Amino acid sequence: MSNYHIKHLEEYYQVYRKSVQNPEVFWEEIAEEHFMWRKKWDNVLSWDFTKPEVKWFEGAKLNITENCIDRHLHIRGDKTAIIFEPNNPEEEAQHISYHELHEKVCRFANVLKEQGIQKGDRVCIYLPMIPELAISVLACARIGAIHSVVFAGFSSTALATRINDATCKMVITSDGSYRGAKTIDLKGIVDEALTDCPCVESVLVAKRINTDIHMEQGRDHWLQPLLDEAYIDCVPEIMNAEDPLFILYTSGSTGKPKGMVHTTGGYMVYTAYTFKNVFQYKEEDVYWCTADIGWITGHSYIVYGPLCNGATTVMFEGVPSYPDFGRFWEIVEKHKVNQFYTAPTAIRALAKEGVEHLEKHDLSSIKVLGTVGEPINEEAWHWYDDNVGKRKAPIVDTWWQTETGGMMITPIPYATPTKPTYATLPFIGIQPALMDENGKEIKGNQVDGRLCIKFPWPSMARTIWGNHQRYKDTYFSAYENKYFTGDGALRDEVGYYRITGRVDDVIIVSGHNLGTAPIEDAINEHPAVAESAIVGFPHDVKGNALYGYVTLKETGEGRNHDNLRKEINQIITEQIGPIAKLDKIQFTSGLPKTRSGKIMRRILRKIAGKDTSNLGDTSTLLNPEVVQDIMDNAL
Ligand code: WTA
């Protein structure tokens, strides 16, 4: 039996048992048999959650791109590594073979070197979903530079914060991007961000939309001419297993975004192993994950996991609604996609459009359907199962996080019986625990609590860039000796997990994590605003939408509320990005506060969700009278 590929439920239980009883022996075997190392490790695992410090495969040397590309060249060099499906269906798709990918990554890596990028330097990548995005990620990894990909929907202010936090030396971007019928001036956003980023020495610009853009002399360089001149081979930098591979920012409930740091060896082993099993990937399969590489799902399951397995991975530039809501299904049919991985918000948006779009396309290639990003509601689950999978393709509801690097709780298709809305069982090596308010672990089944993980796994983030204390405070301080996820979960009678949602001030809107504090900070910058509070409320497509309670200063009173609403959303768009815009803005005479001055979000959440039957005890509030006022004027 190969532990690398699990096919049956009994096998899952057997391998799972081994992985938790003897984690070091287990992971050593997986790492040894399925990856290419330049030097083996001295020690499989050392860990201490109180520091916290976790090291996997210490002393080992490798380059992850040799595992993603080079080692495939002699067996599947002509196989397609990446299928690029452009925004416009009239434009031809590109098939990039492993040989071609090797050459492209090497050339790009040589350009980085010529521009003075060295091992350990940080490179910010702000690109749309075009091949250059995957290639630049791999080119950084090739030379040991740490990539920090910033989703190209973030605003210039958000981009600048991330560039400065990681002191990036270079930004890689494009002249612009296509998104459905729109074009976006990405380079303009970068120019604006860079007025505030002294650390950036150079900018590489890919051509995508062929617009006339400003090129800053001495700083900005068109990418293509440099690639054309670069040498076609690049010797990979040999990295330590624990060297950082990338930084990826995620929202916290407070403060600025957290730059999660992922290291090389453990991340590679875990993302590759989960990819193989959770998608049951076979050599001839075509796999498509609709996420953007700007998020962790794209890092782990468009780039690293699939390529480590020699897979064919689809990159889609566009949106599900362009030119119409049949686009996803057209792509599935066109490329005969076997594994399809998307988010509940996309499923709900597509379900709303009816099944006519599906019926026009042959979806019979689909063997596995995946979902990630937020809890999937029962209706969406069944719609996906009935109409896309035709009840023949198991749904893998995969729970994980930017911080975990790879999937943590998920079915293994064709092995684990699925159950709607349940992420089901912990993946191999993962030891979840549910905790009560007193910090005690809740044992047994049919219980719910806060979800923690008790034992390290290879792809966990090792720190927050530049702020290890915050890493400790956020994830390892709530419960002794455990990683705290920030999610609530329940465990049913057979031990299946269902994730019930965030228990902190992070709100997931259309699958994007948004912290309330940065949005409130943005709103409060409006000259007429005294203070504000943001909560989530249920939305049938986005999962949650944002509801803002805003108290105006005297100067703001009498102003036209619709104009104010527009201005507030404009500030949010500038500071964070359009994904953080508020659906509803209610102007209030005050915000309910505790006697210590803390805003009682619990009450605001209930009012926003139109669930005011039981507001709990409001008598201890500093200003109980505002509650009635807020209820009377609720939107
Ligand atoms: C939520 C995305 C329920 C959860 C990979 C988590 C989910 C946060 C699921 C991480 C799921 C993700 N079921 N909730 N299958 N997947 N989440 O960092 O709240 O963007 O903590 O990583 O999304 O979001 P992130």
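Everything quoted here is computed from the prediction, not taken from an experiment. Note that ligands are numbered from 1 as they come in the structure, with each ligand's atoms numbered from 1 the same way.
- G373 O, 3.1 Å is the protein heavy atom nearest to atom 23 (O) of ligand 1.
- Separating the OG atom in S136 from the CD1 atom in I293 is a distance of 8.5 Å, to the nearest 0.5 Å.
- No donor-acceptor distance shorter than 3.5 angstrom exists from the side chain of Y304 to the backbone of T271, with no hydrogens or angles considered.
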Could you check Y414 against Q280 for side-chain hydrogen bond (donor to acceptor under 3.5 Å, both in side chains), going step by step and ending with a plain yes or no?
CA-CA 9 Å; Y414 301 99; Q280 291 289 304; over 6 Å; no
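- On a distance-only criterion, T485 and ligand 1 share no N/O pair closer than 3.5 Å.
- Counting heavy atoms closer than 4.0 Å to ligand 1, residue T398 contributes backbone atoms (N, CA, C, O) but none from C-beta onward.
- Figure legend: R450 and Y479 shown without cation-pi pairing, the cationic atom not lying both under 6.0 angstrom from the six-membered ring centre and within 45 degrees of its axis.
- Assignment of W295 to the shell around ligand 1 is not supported, since no heavy atom sits closer than 4.0 Å.
- Not a single heavy atom of G486 sits less than 4.0 Å from an atom of ligand 1.
- Here is the list of ligand 1 atoms found below 4.0 Å of a heavy atom in V372: 5 (C), 16 (N).
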For the pair T402 and Y249, evaluate side-chain hydrogen bond (donor to acceptor under 3.5 Å, both in side chains) and give the outcome as yes or no after the intermediate values.
CA-CA 8 Å; T402 305; Y249 287 86; over 6 Å; no
Worked check of salt bridge (Lys or Arg N to Asp or Glu O under 4.0 Å) between R605 and D505:
CA-CA 11 Å; R605 231 175 265 136; D505 285 333; 3.6 Å; yes
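- Considering only heavy atoms from C-beta on, S477 stays 4.5 Å or farther from F484 through its side chain.
- The nearest heavy-atom contact from the protein to atom 24 (O) of ligand 1 is N513 ND2, 3.1 Å.
- Using a 4.0 Å cut-off between heavy atoms, V506 makes no contact with ligand 1 at all.
- Using a distance-only test at 3.5 Å, with no hydrogens or angles considered, no donor-acceptor pair links the side chain of D583 to the main chain of Y547.
- Nearest protein heavy-atom contact of atom 8 (C) of ligand 1 is I508 CD1, 3.8 Å.
- Here D385 pairs with nothing under the side chain to side chain donor-acceptor pair (under 3.5 Å) rule; sequence neighbours left out.
- The existence of a salt bridge linking D448 and R491 is excluded, since no basic side-chain nitrogen approaches an acidic carboxylate oxygen closer than 4.0 Å.
- Atoms of ligand 1 found under 4.0 Å from any heavy atom of D397, numbered from 1 in the order shown, are 11 (C), 13 (N), 15 (N).
- In this structure, atom 18 (O) of ligand 1 lies nearest to the protein heavy atom T402 OG1, 2.5 Å.
- Only the side chain of D487 comes within 4.0 Å of ligand 1, judged by heavy-atom distances.
- Looking at E374 against ligand 1, only its backbone comes within 4.0 Å, counting heavy atoms.
- Given atom 3 (C) of ligand 1, the protein heavy atom at minimum distance is P375 N, 3.1 Å.
- Per-residue contacts place T297 under 4.0 angstrom from the following atoms of ligand 1 (heavy atoms of the residue considered): 5 (C).
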